Amino acid sequence: MDIDMLGIDLAKRVFQLHGANRRGHAVHRSKVTRDSFVEEVRSLHPRVVAMEACSSAHHWARCFQSMGIEVRLISPQYVSPFVKTNKNDRNDAQAIVEAASRPTMNFVTVKSVEQQDMQAVHRVRELLVHQRTALINQARGLLGERGVTMAQSPEAFKRAVPQVLSACEGEVTQICQAMVLELAQQIQTLEDRIKRAETWIKSFMKNSALCKRIAVVGGVGPITATAVVAAVGEAKEFRNGRHLSAWLGLVPRQYSSGGRSQLKGISKRGDTYLRTLLIHGARVVLRYAVGKTDAQSRWLQDLTARRGYNRAAVALANKNARVIQALLSSDAPYRPSAAH
């Protein structure tokens, strides 16, 4: 039995396999358990294994690559159009094979263990930051009901809490103070854990040549650099910088028909976390460009005057994404342009 491409519908315990020959005809269908999954794939000797890029796909991809099998990971949104009739595991596996056979299909790069370590730290840090924000908002809400207001930032909350706890007057009773103190202690614990996660991020930054290569771009610090490398690696799956920008949702979305092109706001596709980091980094660059006379600062000042602050920040983030792709996919050093 000659299997050219083996489509696998991944799950926790049961995996559906669909093997096709070079002409695309089905030559194998089976359902295997997790314990016999790897040995079953090994016995079939497929040339290519295709899977949807789900949570466990990178683990299985590294396992099959160690056997000398080519692996293609596909975004689930690109597989859905190929599912025929009813949706089930058997039809999903067949759809994966058909999608992976398309010559214009875009594939997901298999992540290394180091990349997934970076991504895990970022996911945990993001969760901790959200939890800290939720606790601060809870405390601000409790105090706001009693006539005590404060700014939204964590720094403002830290400055206001000692004043709230030092005086028990008006509607701020001892019970209210105890609740605020309880929340403040939880917030401090979260901040310690956030700092620990940021220490790990700095360690990844120190030991990664790719992270150091893109950190020279304005607005790209350790958090952004490690997050980008964790997500795209060497960015070789992107043909050019604009494709990375489009993947991040930093390019205009099109509403074109009948030869008439209409460009709206940015598409906001792809990884929201990465896009947010790049835009916030661009905002910092714009902030410190005021009053400077170098070529890039003058370009940013003119861009801000013509298009507004927010659009200028997105435009700079778009430009930085294209520069990052060029730096990751080649060994050429970063050379800031003298004019724009």
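As the structure is a prediction and not an experimental result, all values here were calculated from the model. All residue numbers in this chain count up from 1 along the given sequence.
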Donor-acceptor contact present, side-chain N240 to main-chain H243, <3.5 Å:
yes
Heavy-atom neighbours of Q262 CD exceed 12 at 6.0 Å
yes
Residue R253 excluded, over 12 heavy atoms near CZ under 6.0 Å:
yes
Given T109 and E234, is the side-chain contact (heavy atoms from CB on, under 4.5 Å) satisfied, shown in steps?
CA-CA 9 Å; T109 305; E234 296 182 351; over 6 Å; no
Sort and list the pairs that fulfil salt bridge (Lys or Arg N to Asp or Glu O under 4.0 Å) and have at least one residue in residues 123-148, not counting sequence neighbours.
R123-D271, R125-E198, R132-E191
Looking at R306, I want to see if its CZ is surrounded by more than 12 non-hydrogen atoms of other residues, nucleotides or ligands under 6.0 Å.
yes
Taking side-chain hydrogen bond (donor to acceptor under 3.5 Å, both in side chains) as the test, write out the residues that go with S30, two or more places apart.
H28
Quick check: does any side chain N or O of T199 sit under 3.5 Å from a backbone N or O of K195, one acting as donor and the other as acceptor?
yes
Please determine whether residues L165 and F157 belong to a single hydrophobic cluster, defined as Ile, Leu, Val, Met, Phe, Trp and Tyr linked transitively by side-chain heavy-atom distances below 4.5 Å.
yes
Keeping Q115 on the side-chain end and V229 on the backbone end, is there a donor-acceptor pair under 3.5 Å?
yes
N/O donor-acceptor pair under 3.5 Å between T304 side chain and L300 backbone
yes
Going through the distances and angles, do D2 and N21 end up as a side-chain contact (heavy atoms from CB on, under 4.5 Å)?
CA-CA 6 Å; D2 183 19; N21 58 21; 5.5 Å; no
Sub-3.5 Å donor-acceptor pair from the side chain of R193 to the main-chain atoms of T189, do we have one?
no
Quick one: closest heavy-atom pair of V285 and Q296, and the distance?
CG1-NE2, 4.1 Å
In short, L244 meets A321 closest at the heavy-atom pair CD2-O, 3.4 Å
Do T272 and K268 come close enough that some side-chain heavy atom pair is under 4.5 Å?
no
Under the ring pair (Phe, Tyr, Trp, His ring centres under 6.0 Å) definition, can you give me all pairs with a residue in residues 78-137, not counting sequence neighbours?
H122-Y273
Output yes when a side-chain donor or acceptor of R269 lies under 3.5 Å from a complementary backbone atom of W247, and no otherwise.
no
Chi angles and distances behind the side-chain contact (heavy atoms from CB on, under 4.5 Å) call for M67, V38:
CA-CA 10 Å; M67 302 178 189; V38 175; 3.1 Å; yes
Find the distance between CG (N318) and CD1 (I266) and round it off to the nearest 0.5 Å.
9.0 Å
For L6, the option from V41, V48, V27 that meets side chain to side chain contact (heavy atoms under 4.5 Å, CB included)
V41
Contact list for residues 49-72, test salt bridge (Lys or Arg N to Asp or Glu O under 4.0 Å), sequence neighbours left out
R47-E70, E70-R72
Compare all side-chain heavy atoms of M51 with those of I96 and state whether any distance is below 4.5 angstrom.
no
Rounded at 0.5 Å granularity, tell me how far CE in M179 sits from CG in L143.
12.0 Å
Between Q325 and F238 (side chain of the first, backbone of the second, donor and acceptor by atom type, cut-off under 3.5 Å), is there such a pair?
yes
From N207 atom CG to T226 atom OG1, the distance as rounded to the nearest 0.5 Å
12.0 Å
Has S208 got a side-chain atom pairing as donor or acceptor with F204's backbone, closer than 3.5 angstrom?
no
pair L210-I214: side-chain heavy atoms closer than 4.5 Å
no
Does a sphere of radius 6.0 Å around OH in Y309 hold more than 12 heavy atoms from other residues, nucleotides or ligands, not counting ones at 6.0 Å or beyond?
yes
Closest contact, heavy atoms only, P46 versus I69:
O-CG2, 3.8 Å
Within 6.0 angstrom of R322 CZ, more than 12 heavy atoms from elsewhere:
yes
Closest non-hydrogen atom pair between Q65 and V71, with its separation:
CG-CG2, 3.8 Å
From S101 OG over to R23 CZ, what is the distance, rounded to the nearest 0.5 angstrom?
14.5 Å
If hydrophobic clusters are built from ILVMFWY residues whose side chains come within less than 4.5 Å, do L328 and V216 share one?
yes
Do W60 and V79 share a hydrophobic cluster, counting only Ile, Leu, Val, Met, Phe, Trp and Tyr and linking them when any side-chain heavy atoms are less than 4.5 Å apart?
no
To the closest 0.5 Å, what do you measure between CZ (R34) and CZ (R13)?
9.0 Å
Are L274 and L127 in one and the same hydrophobic cluster, where Ile, Leu, Val, Met, Phe, Trp and Tyr link if side-chain heavy atoms are under 4.5 Å apart?
no
Hydrophobic cluster mates of V251, side-chain heavy atoms under 4.5 angstrom, ILVMFWY only, any path?
none
Give the intermediate values and the outcome of side-chain contact (heavy atoms from CB on, under 4.5 Å) for residues L142 and L183.
CA-CA 11 Å; L142 293 175; L183 292 175; 4.1 Å; yes
Are N106 and S75 packed together at the side-chain level, in the sense that at least one heavy-atom pair is separated by less than 4.5 angstrom?
no
Pairwise distance CZ(R298) to NZ(K292) - rounded to 0.5 angstrom
13.0 Å
Can any side-chain N or O of N320 pair as donor or acceptor with the backbone N or O of G218 at less than 3.5 Å?
yes
Any idea which heavy atoms bring H18 and V97 closest together, and the distance?
O-CG2, 3.5 Å
Please test N310 against R283 for side chain to side chain donor-acceptor pair (under 3.5 Å), starting from the C-alpha separation and ending with a verdict.
CA-CA 8 Å; N310 289 332; R283 291 182 189 276; 3.0 Å; yes
Who pairs with A57 by side chain to side chain contact (heavy atoms under 4.5 Å, CB included), at least two apart in sequence or on another chain?
L10, C54, L73
Could you state whether M205 and I324 fall into the same hydrophobic cluster, counting links through intermediate Ile, Leu, Val, Met, Phe, Trp or Tyr residues with side-chain heavy atoms under 4.5 angstrom apart?
no
Min side-chain heavy-atom separation V148-Q163 under 4.5 Å:
no
For atom CZ of R29, is the number of surrounding heavy atoms from other residues, nucleotides or ligands below 6.0 Å larger than 12?
yes
Judged by atom type as modelled, is there a donor-acceptor pair below 3.5 Å linking the side chain of K87 to the main-chain atoms of D92?
no
Between V161 and I187, is any pair of side-chain heavy atoms under 4.5 Å apart?
no
Does a side-chain heavy-atom distance below 4.5 Å link S36 with E39?
no
Closest approach of D89 to D9 (non-hydrogen atoms, all atoms of both residues):
OD1-OD2, 3.1 Å
Student check: side-chain heavy atoms of S153 and I136 closer than 4.5 Å:
no
